[in-house]
Amino acid sequence: MSANNRIDKAWDRRACPLCDSSKLLSKPDSSAKHPAEFMSWETAKSYFIGLRNNQVFFSYYRCQDCGLLYCPWYFNPKQISELYAEMPDNMMGEDKSTVSKTQSTYARWIMRPGVSNNRYLEVGPDIGLVAKEIAAINTPEHVTFIEPNASIRGELLANLSGVSSIEVVSFLDSMRETKFSLVAGIHVYDHLVNPLQDLIEIRKKAESGAYIAIVVHNEKSLLRHLLKSKWPPFCLQHPQLYNPKTLKLILENSNWSLYKRSKTKNWYHVKNFAQISSSVLGIKMPLIKYIPNVEIPVKLGNMIILAKAK
């Protein structure tokens, strides 16, 4: 770790990704014990994967013009490409069946009357559990996935084996010209460095009356305020984090209109959830081995939204 408090030359300096302002307070809204902006690239990248006590992350500042919470210093495009090229799946040590319960809840919430998934686009699908649940409700005619992680594509395609027309690309501009009726991004828009531009481009590829479904962390949640800098979404993978106001604003600025919003639940085995909590909080829990391994729903302060193309 760097021994000084000078920003390392490895990092890109960003304006606000929502409004392009550079107005910040002198102190961050939240910072790690060892902020990533003071580290070298070689040191910081070793903390990219995993949850731990005293998590390393780039300091988050609040934009003084629009209120978005974001990291003014962050990885550059070449670094991001390297970091995401071989990411493990995002199941947090859970069984696929347990994670599928969470994804099934998302799918049923999204697939309400009036929402068509005939031409379905998902950004950052991971291994495709949400898409699988949505396809189980209604088999789409065509599916496109934007997934740069080549290591999980085999499992991604296997989970959508019942769909006859599937395209998997690494980047938005690599897609065929298709107009989509439903777009989904589950815990992905807090990972994107240029989320406004990406949402604008996705809107151009959406048909009239299309919907977009988004799940993100809520940085105004009670859990965030209770855990402070130990809140797990404060991590190297999130260049910005939203609250209901800033999420609505970025959708409006990219020509989407908010339709529905709700809080979400995540399913965990009690023992796994206790182990994760122990790691994040730095608290020893010697009795974890005696905890019954049952599944429970947990509210983590996340939100799911459905917006309609203007």
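On a predicted model such as this, the values are computed, not experimentally measured, just so you know.
- Residues N76 and D12 bring no donor and acceptor atom of their side chains to less than 3.5 Å of each other.
- Counting heavy atoms of neighbouring residues, nucleotides and ligands inside a 6.0 Å radius, atom NZ of K45 exceeds 12 of them.
- Here the closest non-hydrogen pair linking Q103 and I186 is OE1-CG2, 4.4 Å.
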Checklist entry - Passes salt bridge (charged side-chain N to carboxylate O under 4.0 Å, His left out), E147 versus R153? Steps please. => result CA-CA 8 Å; E147 180 51 72; R153 286 188 180 180; over 6 Å; no
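- Of the inter-residue distances, the one linking C71 atom SG with L241 atom CG reads 7.5 Å to the nearest 0.5 angstrom.
- Judged by distance alone, the side chain of R112 and the main-chain N or O of W109 form a donor-acceptor pair under 3.5 Å.
- Within 6.0 Å of NZ in K265 there are 12 or fewer heavy atoms belonging to other residues, nucleotides or ligands.
- In this structure, CG on D20 lies 10.5 Å from CG on L18, to the nearest 0.5 angstrom.
- Between the side chain of S81 and the backbone N or O of K78, no donor-acceptor pair lies under 3.5 Å.
- Atom CG of L68 sits about 6.5 Å away from atom CD1 of I250, to the nearest 0.5 Å.
- Listed for the S221 side chain is a donor-acceptor partner under 3.5 Å among the backbone atoms of N218.
- In this structure a side-chain-to-backbone donor-acceptor pair under 3.5 Å is present from Y242 to Y189.
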Checklist entry - Stepwise, does the salt bridge (charged side-chain N to carboxylate O under 4.0 Å, His left out) test hold for R224 with D29? => result CA-CA 12 Å; R224 178 262 162 113; D29 188 89; 2.5 Å; yes
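- Under the 3.5 Å distance criterion, the side-chain polar atoms of D126 are left unmatched by any main-chain donor or acceptor of G128.
- In summary, the aromatic rings of Y211 and Y259 are positioned with their centroids under 6.0 Å apart.
- Side-chain contact, T105 with T102: no donor N or O sits under 3.5 Å from an acceptor N or O.
- In terms of hydrophobic clustering, with Ile, Leu, Val, Met, Phe, Trp and Tyr side chains grouped at heavy-atom distances under 4.5 Å, W41 and I7 are assigned to a common cluster.
- Between P232 and L227, the closest heavy-atom pair is CD-CD1, 3.9 Å.
- The closest side-chain donor-acceptor pair between R14 and Q240 falls under 3.5 angstrom.
- With contacts defined as side-chain heavy-atom distances shorter than 4.5 Å, the pair L156/N149 does not qualify.
- L196 has its side chain out of reach of P17: every pair of non-hydrogen atoms, C-beta onward, lies at least 4.5 Å apart.
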Next on the checklist: Please determine whether side chain to side chain contact (heavy atoms under 4.5 Å, CB included) holds for the pair M111 and I134, giving the CA-CA distance in whole Å, both sets of side-chain angles, and the decisive distance to 0.1 Å.
Outcome noted: CA-CA 7 Å; M111 291 297 291; I134 286 178; 4.0 Å; yes
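- The two residues V56 and A32 make their nearest non-hydrogen contact at CA-CB, 4.3 Å.
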Item to check | Residue pair C66, L249: steps toward the side chain to side chain contact (heavy atoms under 4.5 Å, CB included) verdict | outcome: CA-CA 8 Å; C66 72; L249 184 59; 3.9 Å; yes
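- A donor-acceptor pair shorter than 3.5 Å can be found between the side chains of E37 and S59.
- None of F38, W11, F48, W73 except one satisfies the ring-ring contact (aromatic ring centres under 6.0 Å, His included) rule with F58; the exception is W11.
- What you find for P140 and N117 is that their closest heavy atoms are CB-O, 2.9 Å.
- For residues 159-168, the pairs satisfying side-chain hydrogen bond (donor to acceptor under 3.5 Å, both in side chains) are H142-S165, T144-E167, with sequence neighbours left out.
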Item to check | Verdict with reasoning, L182 to I212, per side chain to side chain contact (heavy atoms under 4.5 Å, CB included) | outcome: CA-CA 6 Å; L182 175 62; I212 185 169; over 6 Å; no
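- Both F145 and V215 belong to a common hydrophobic cluster when Ile, Leu, Val, Met, Phe, Trp and Tyr are linked at side-chain heavy-atom distances under 4.5 angstrom.
- A heavy-atom distance below 4.5 Å is found between the side chains of W256 and R203.
- In this structure, F234 and W231 have perpendicular ring planes: the angle between them is above 60°, well past the 30° mark.
- A heavy-atom distance below 4.5 Å is not found between the side chains of I304 and I214.
- Using a 3.5 Å distance cut-off with no hydrogens or angles, the side chains of R62 and T246 do not pair a donor with an acceptor.
- We find the CD-NZ distance between E252 and K310 to be 5.5 Å, quoted to the nearest 0.5 Å.
- Between L129 and S100 the shortest heavy-atom distance is CD2-OG, 3.9 Å.
- In this structure, the separation between CZ on F57 and SG on C235 is 9.0 Å, given to the nearest 0.5 Å.
- Looking at K230 and N54, their side chains come closer than 4.5 Å, going by heavy atoms from C-beta outward.
- Listed here is the closest heavy atom pair of A309 and G209: CB-N, 4.4 Å.
- When the side chains of ILVMFWY residues are joined at heavy-atom separations under 4.5 Å, either directly or via intervening members, V168 and I146 end up in two distinct hydrophobic clusters.
- Here the CD-OH distance, from E141 to Y120, works out to 15.5 Å after rounding to the nearest 0.5 Å.
- Cluster membership for I305 and V188, using ILVMFWY side-chain heavy atoms within less than 4.5 angstrom, is shared.
- Hydrophobic clustering, with ILVMFWY side chains joined whenever heavy atoms are under 4.5 angstrom apart, keeps V130 apart from I152.
- With a 6.0 Å radius and a threshold of 12 heavy atoms from other residues, nucleotides or ligands, K179 has its NZ atom above the threshold.
- Using a 4.5 Å heavy-atom threshold, the side chains of C63 and Y70 count as touching.
- Residues Q64 and S21 have side chains not in contact (no heavy-atom distance under 4.5 Å, counting atoms from C-beta outward).
- Using a 30° and 60° split on the angle between ring planes, H238 and H217 fall in the tilted class, from 30° to 60°.
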Item to check | Derivation and outcome, side chain to side chain contact (heavy atoms under 4.5 Å, CB included), residues K220 and M303 | outcome: CA-CA 11 Å; K220 291 287 189 181; M303 53 186 172; over 6 Å; no
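- In this structure a side-chain-to-backbone donor-acceptor pair under 3.5 Å is present from S181 to R119.
- Within the 4.5 Å cutoff, the side chain of Y60 has no heavy atoms near those of the P28 side chain.
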